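Single-structure report; data block below.
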Amino acid sequence: MSWEPTPLEQKRLEKLAELRQAGVEPYPLRVERTHTSADAIAAFEAAEAEHGAEAPEIKATLTGRIMSSRDMGKTVFTHIEDGYGRIQLFVRRDDVGEEAHQIFRKLLDLGDFVQATGVLFRTRTGEVSVRVTEWKLLAKAVSPLPVVKEQEVDGELVRHNAFSDVEERYRQRYADLAVNPDVREVFKIRAKVISALRRYFEDHDFLEVETPVLQPLYGGAAARPFTTHHNQLKQELYLRISFELYLKRLLVGGIERVYEIGRDFRNEGVSFKHNPEFTMLEFYAAYWDYHNVMDFTEGMVKYVAQHVWGKSEISYQGETINLGGTWPRLTMRDAIKQFAEIDYMEHPDAPSLANAIREAGGHAPIGASWGKLIDGLFGDHVEPNLIQPTIITTYPRDISPLAKAIPGDPKHVERFEFFIAGMEMGNAFTELNDPLDQQQRFEDLQKLFAKGDDELNPIDEDYLRAMRYGMPPNGGFGVGVDRLVMLMADKATIREVLLFPHLRERDEG
RNA sequence: GGCCCUGUAGCUCAAUGGCAGAGCAACUGACUCUUAAUCAGCAGGUUGAAGGUUCGAGUCCUUCCAGGGUCACCA
């Protein structure tokens with residue numbers, strides 16, 4: 001689809017031509033910025049504090065995007081915004097000259113990038129501003145950005161005509177970011193979360209690695225993969241659904257503590273907490289069991305909160321969430337007893353458990369395994385109630401093929417997940433390192449899944465071969481980084497913490 | 001995939017089946033300390049798309065497209 005200028009864009013194209021005619025280059029190559037808006041204001045206030053009215057003049061050249069303009073005729077007040085805030089330009093005809101003043105008034109628009117030079121001063125209403133003597137256009141905006149006006153009422157910032165259509169905001173994230181500063185804040189928080197995670201792992205002697213995104217076999221999670229094709233090799237490839245099997249190969253290779261932050265891809269439904277591609281963090285540590293992993297994970301989330309907010313109490317969707325202290329730990333069995341009033345150990349096989357669930361008025365999908373039914377019970381009755389951080393331990397074996405069994409308990413494995421704000425945040429276990437047991441689990445799983453179930457992972461023979469060389473006992477963990485960011489940024493949907501969330505292609509024909 | 005809601009000017013939103021409107025932005029002008037600047041004037045539309053019912057459809061019906069919610073699905 002080619003671009004058809006709207007009437008507003010047509011008008012700006014005319015201005016563009018007029019600017020060139022007047023000898024103004026609308027897209028120059030060089031910029032002469034001396035101060036950011038924040039630096040300029042700070043410098044002015046510092047000088048004022050030290051010397052009062054006798055303060056020496058500060059001349060500055062600033063750059064930014066025109067966000068508002070109040071044209072008084074011979075004087076124009078304009079706010080420009082740069083990456084550090086806003087500052088007001090005071091453009092007076094007597095200061096810039098007749099011609100430059102007319103061009104500024106008539107040929108510039110909201111959204112244009114400009115450079116302005118002048119002495120800093122305070123206006124009568126007290127705002128630090130630039131008394132502009134020279135200005136230069138840096139980039140003409142041809143399309144009008146949504147206009148957002150702000151007003152301060154009793155100290156509260158009220159925004160008018162905000163650009164708020166969710167779909168348009170995601171499809172044109174650049175415009176969203178340009179006019180909604182709070183959106184930029186979300187992605188600063190995201191960056192802080194990720195840098196805190198990296199520092200935490202580095203401080204604990206973990207090695208960061210990168211493993212293949214394109215894989216000949218997929219595994220490590222129950223999910224449908226995206227498939228692709230290598231032309232020259234004539235080979236089917238999958239986009240990874242987890243990092244697990246590659247990272248644990250590295251333990252065989254003698255790397256004791258390893259982690260990866262990267263993208264996973266799952267060809268499944270899209271929801272407020274699912275995007276087809278999402279950021280995952282997985283780590284594995286030799287000689288740890290899942291108790292060590294629990295302690296470490298708790299520490300990790302607290303560390304992140306400290307780095308982002310400087311405290312362990314955060315606000316999420318109106319709830320106060322306290323990440324401090326030791327998080328409650330309870331078994332899945334006890335949690336389900338408490339919230340669903342079913343003791344699944346009294347129903348030790350799938351048919352009887354399915355009956356018990358249906359009798360209690362619950363939903364039990366046909367053909368679900370015992371473990372899947374338990375997981376379903378948990379998801380329906382327990383998970384939404386886990387607002388404060390909670391660790392749930394001791395998972396059914398048949399939904400945990402990579403976790404080590406609990407001695408003397410054939411039904412359960414050493415696995416935990418932790419929950420905050422009713423969301424699963426992470427999944428961990430004492431990793432299975434017995435190659436023969438692992439092979440058996442894979443084979444059991446093949447039988448358990450219905451034929452043709454596309455969540456069934458192919459058996460990764462190379463992974464079994466690696467394990468046969470000897471894998472140290474280890475504990476491992478995976479956390480959905482986007483969900484952690486949702487929590488830290490107080491956002492209710494994953495799309496608000498992804499710069500370019502997946503959207504259906506729009507038919508524009 | 002099922003059900004519910006939404007789609008109107010660049011943005012935010014109105015309009016009992018009866019002339020498609022407002023505010024902001026734009027445009028013309030006034031104003032040399034404004035800050036949602038103010039004031040006067042002027043323009044801006046294939047109402048998501050295609051069909052249908054009707055004398056008449058933004059509004060009712062059908063299909064489709066997109067988004068949101070919810071349920072199902074989701075180790």
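Predicted, not measured: the structure shown is a model, and the values here were computed from it. In what follows, chains are A, B, ... by sequence order, proteins preceding strands, each numbered from 1.
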Q: Apply ring-ring contact (aromatic ring centres under 6.0 Å, His included) to A/Y246 and list each qualifying residue two or more places apart in sequence or on a separate chain.
A: none
Q.
Which residues pass the ring-ring contact (aromatic ring centres under 6.0 Å, His included) test with A/Y259, not counting sequence neighbours?
A. A/F201
Q | All pairs passing salt bridge (Lys or Arg N to Asp or Glu O under 4.0 Å) where residues 62-80 of chain A contributes a residue, at least two apart | A | A/D71-A/R105
Q) Sequence neighbours excluded, which residues qualify as ring-ring contact (aromatic ring centres under 6.0 Å, His included) partners of A/H412? A) A/Y344
Q: Tell me what A/T123 touches on the nucleic acid: a base, only sugar-phosphate, or nothing, going by heavy atoms under 4.0 Å.
A: base
Q. ring-ring contact (aromatic ring centres under 6.0 Å, His included) with A/F418: which residues, sequence neighbours excluded?
A. A/W327, A/F477
Q. Does any donor-acceptor pair link the side chain of A/H274 with the base of B/C74 at a separation under 3.5 Å?
A. yes
Q.
Distance criterion of 3.5 Å, no angle test: do you see the side chain of A/S164 paired donor-to-acceptor with the base of B/U12?
A. no
**Q.** Any A/K74 side-chain nitrogen or oxygen under 4.0 Å from OP1 or OP2 of B/C33
**A.** no
**Q.** With sequence neighbours excluded, residues passing side chain to side chain donor-acceptor pair (under 3.5 Å) with A/N180
**A.** A/R159, A/D176
Q: Represent RNA chain B in dot-bracket notation, 5' to 3'. Only Watson-Crick or G-U wobble pairs with both distances under 3.5 Å count; pseudoknot-style crossings use [ ] and interstrand partners use |.
A: (((((((..((((....[..))))..((((.......))))......(((((..]....))))))))))))....
Q. For A/E496, which residues count as a side chain to side chain donor-acceptor pair (under 3.5 Å) partner, sequence neighbours excluded?
A. A/R169, A/Y170
Q. Among pairs that include at least one residue of residues 348-358 of chain A, which meet salt bridge (Lys or Arg N to Asp or Glu O under 4.0 Å), considering only residues two or more places apart or in two chains?
A. none
Q.
Please give me every residue in residues 417-425 of chain A whose heavy atoms get under 4.0 Å of an atom in RNA chain B, ordered by residue number.
A. A/E417
Q | side-chain contact (heavy atoms from CB on, under 4.5 Å) against A/A40, all qualifying residues, sequence neighbours excluded | A | A/H35, A/L62, A/I87, A/L120
Q | Positions of residues 4-15 of chain A (non-hydrogen atom under 4.0 Å from RNA chain B), listed by number | A | A/L8, A/K11, A/K15
